[in-house]
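Below: the structure, in structure tokens.
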Amino acid sequence: MTAEATAAETAARPGEPLVVLDHVDKHFGSLHVLQDIELTVNRGEVVVVIGPSGSGKSTLCRTINRLETIDDGSITLDGEPLPAEGKALARLRAEVGMVFQSFNLFAHKTILENVTLGPTKVRGMKKAEADKLAKELLDRVGVGHQADKYPAQLSGGQQQRVAIARALAMQPKVMLFDEPTSALDPEMIKEVLDVMVDLAKQGMTMVVVTHEMGFARTAADRVVFMADGAIVEENTPEEFFTNPQSARAQDFLGKIL
Ligand code: ADP
Ligand code: MG
């Protein structure tokens with residue numbers, strides 16, 4: 001199945017719960033980093049997570065594909081509980097695409113190889129098929145002409161778009177973005193956000209941690225505001241930005257807007 005087909009399938013069944021966090025708790029030693037998190041991300045939905053530094057946004061993202069374990073509660077992906085380990089975990093993890101602040105491309109592999117590695121090694125896709133898929137995806141994020149170069153030859157914005165293509169190549173059901181533009185020079189932020197907006201329009205289910213309030217306003221179906229490890233407020237972007245309910249959110253918005 002191509003990435004387009006996955007998006008089309010997703011778009012065809014919008015609204016069903018795809019990622020469900022139920023009473024999720026996590027501690028780092030004495031720090032209660034995730035406190036009774038209840039969050040449902042529906043198919044085709046774009047959820048933007050915002051909040052002060054240290055509030056647990058990255059940890060939340062990382063629990064969704066079990067880069068972090070949880071102490072209590074459960075996480076369900078497309079109806080299947082995320083197990084602690086084993087083959088089922090590997091299979092479910094492959095359905096969650098992740099894009100980090102640091103692009104983490106393999107420096108000694110070409111752009112094309114960076115994108116084909118997952119499909120060939122994890123999905124067992126034939127090289128020719130993986131090459132074709134990778135080229136389609138690289139074209140889609142606007143770096144198709146860079147396929148034979150190495151990461152260091154690309155700008156930060158281009159590298160981040162490759163990282164998005166690499167995640168999409170695994171044909172994920174949901175894409176997680178953790179501050180994908182925070183490490184970029186200002187002039188490169190838009191080219192990455194534009195790719196994310198396109199992805200959202202094509203029906204991809206997305207969880208996006210970002211400080212880009214313009215993106216949150218225009219692309220989010222829902223804004224989740226976190227503070228001190230808890231979801232303090234959850235609303236449409238219109239409501240959240242014009243009429244924040246909690247003192248924490250009002251204070252946060254007062255500082256950044
Ligand atoms: P955010 O992404 O909102 O800035 P994080 O999820 O990165 O927040 O971190 C939340 C809190 O958990 C912070 O206080 C951070 O220092 C702490 N933290 C994050 N990762 C670890 C870890 N591996 N071990 C101990 N504390 C951690
Ligand atoms: Mg973070």
Side-chain angles (χ1 to χ4, degrees), residues 3-4 6-7 10 18-19 39 41 44-51 56-68 77 92-107 109 111-119 121-123 133-134 136-144 146 151 154-186 188-216 218-221 224:
E4 282 77 7
T6 308
T10 297
L18 186 58
V19 182
L39 178 67
V41 182
E45 198 178 24
V46 177
V47 172
V48 168
V49 181
I50 66 175
K57 306 181 298 297
S58 293
T59 306
L60 176 75
C61 271
R62 292 165 59 83
T63 61
I64 296 177
N65 62 356
R66 266 282 195 272
L67 287 174
E68 298 283 0
L77 265 180
L92 287 176
R93 197 178 254 164
E95 296 181 346
V96 180
M98 181 119 193
V99 175
F100 303 91
Q101 180 174 333
S102 52
F103 333 122
N104 299 332
L105 297 177
F106 294 109
K109 296 202 179 289
I111 296 306
L112 188 76
E113 288 164 351
N114 265 277
V115 180
T116 57
L117 201 63
K121 293 271 186 268
V122 180
R123 293 263 191 238
L133 172 65
E136 277 171 24
L137 289 168
L138 288 170
D139 279 340
R140 185 162 150 200
V141 301
V143 290
Q146 315 274 23
L154 271 58
S155 71
Q158 289 170 332
Q159 288 187 56
Q160 191 60 304
R161 285 183 282 146
V162 173
I164 294 173
R166 180 177 59 175
L168 291 174
M170 293 298 284
Q171 299 160 350
K173 288 182 176 166
V174 55
M175 287 279 286
L176 310 179
F177 294 86
D178 189 2
E179 299 200 27
T181 60
S182 294
L184 297 177
D185 291 333
M188 292 169 191
I189 291 176
K190 185 172 181 299
E191 66 192 42
V192 172
L193 293 178
D194 284 349
V195 166
M196 292 166 62
V197 167
D198 276 349
L199 210 52
K201 283 187 185 148
Q202 286 158 18
M204 178 58 78
T205 309
M206 295 165 53
V207 176
V208 183
V209 178
T210 187
H211 297 297
E212 293 295 326
M213 295 302 138
F215 177 84
T218 56
D221 294 303
V224 167

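Remember, predicted model here, so these are calculated numbers, not experimental data.
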If I compare all heavy atoms of [X] with all of [Y], which pair ends up nearest, and what's the gap?
X	Y	result
E191	S155	OE2-OG, 4.2 Å
A167	V99	CB-CG2, 4.2 Å
L138	A165	CD2-CB, 4.0 Å
P172	V96	CB-C, 4.1 Å
T116	A134	CG2-CB, 3.6 Å
A107	P151	O-CD, 3.7 Å

Does [X] use its side chain to pair, donor to acceptor, with the backbone of [Y] at less than 3.5 Å?
X	Y	answer
K57	V49	no
R66	R93	no
T181	L184	no
Q160	F100	yes

Not counting sequence neighbours, which residues clear side-chain hydrogen bond (donor to acceptor under 3.5 Å, both in side chains) with [X]? List them please.
X	answer
Q159	none
Q101	none
E212	none
R62	E68

Below 4.5 Å, heavy atoms only, C-beta onward: do [X] and [Y] meet side chain to side chain?
X	Y	result
V48	F215	yes
V47	V208	no
F106	R166	yes
V162	Q146	no
F177	L199	yes
T205	K173	no

* To do: Just do the side-chain contact (heavy atoms from CB on, under 4.5 Å) check on L193 and K190 with the steps written out, would you?
  => CA-CA 5 Å; L193 293 178; K190 185 172 181 299; 5.6 Å; no
* Full working for side-chain contact (heavy atoms from CB on, under 4.5 Å) between M196 and T210 -> CA-CA 12 Å; M196 292 166 62; T210 187; over 6 Å; no
Check side-chain contact (heavy atoms from CB on, under 4.5 Å) between [X] and all other residues, then give those that pass, not counting sequence neighbours.
X	value
D198	Q202
V195	V141, R161, I164
D221	E45, V46

Rounded distance [0.5 Å steps], [atom1] in [X] versus [atom2] in [Y]:
X	Y	atom1	atom2	answer
I64	T59	CD1	OG1	11.5 Å
D178	S58	CG	OG	3.5 Å
L154	N114	CG	CG	10.0 Å

* To do: Go through V207 and V224 one step at a time and tell me if the side-chain contact (heavy atoms from CB on, under 4.5 Å) criterion holds.
  => CA-CA 10 Å; V207 176; V224 167; over 6 Å; no
* To do: For K109, enumerate each residue passing the salt bridge (charged side-chain N to carboxylate O under 4.0 Å, His left out) test, keeping only those at least two apart in sequence or located in another chain.
  => none
* Decide side-chain contact (heavy atoms from CB on, under 4.5 Å) for M98 and N65; before the verdict, give the C-alpha distance in whole Å, the side-chain angles of both, and the deciding distance to 0.1 Å. => CA-CA 9 Å; M98 181 119 193; N65 62 356; 3.7 Å; yes
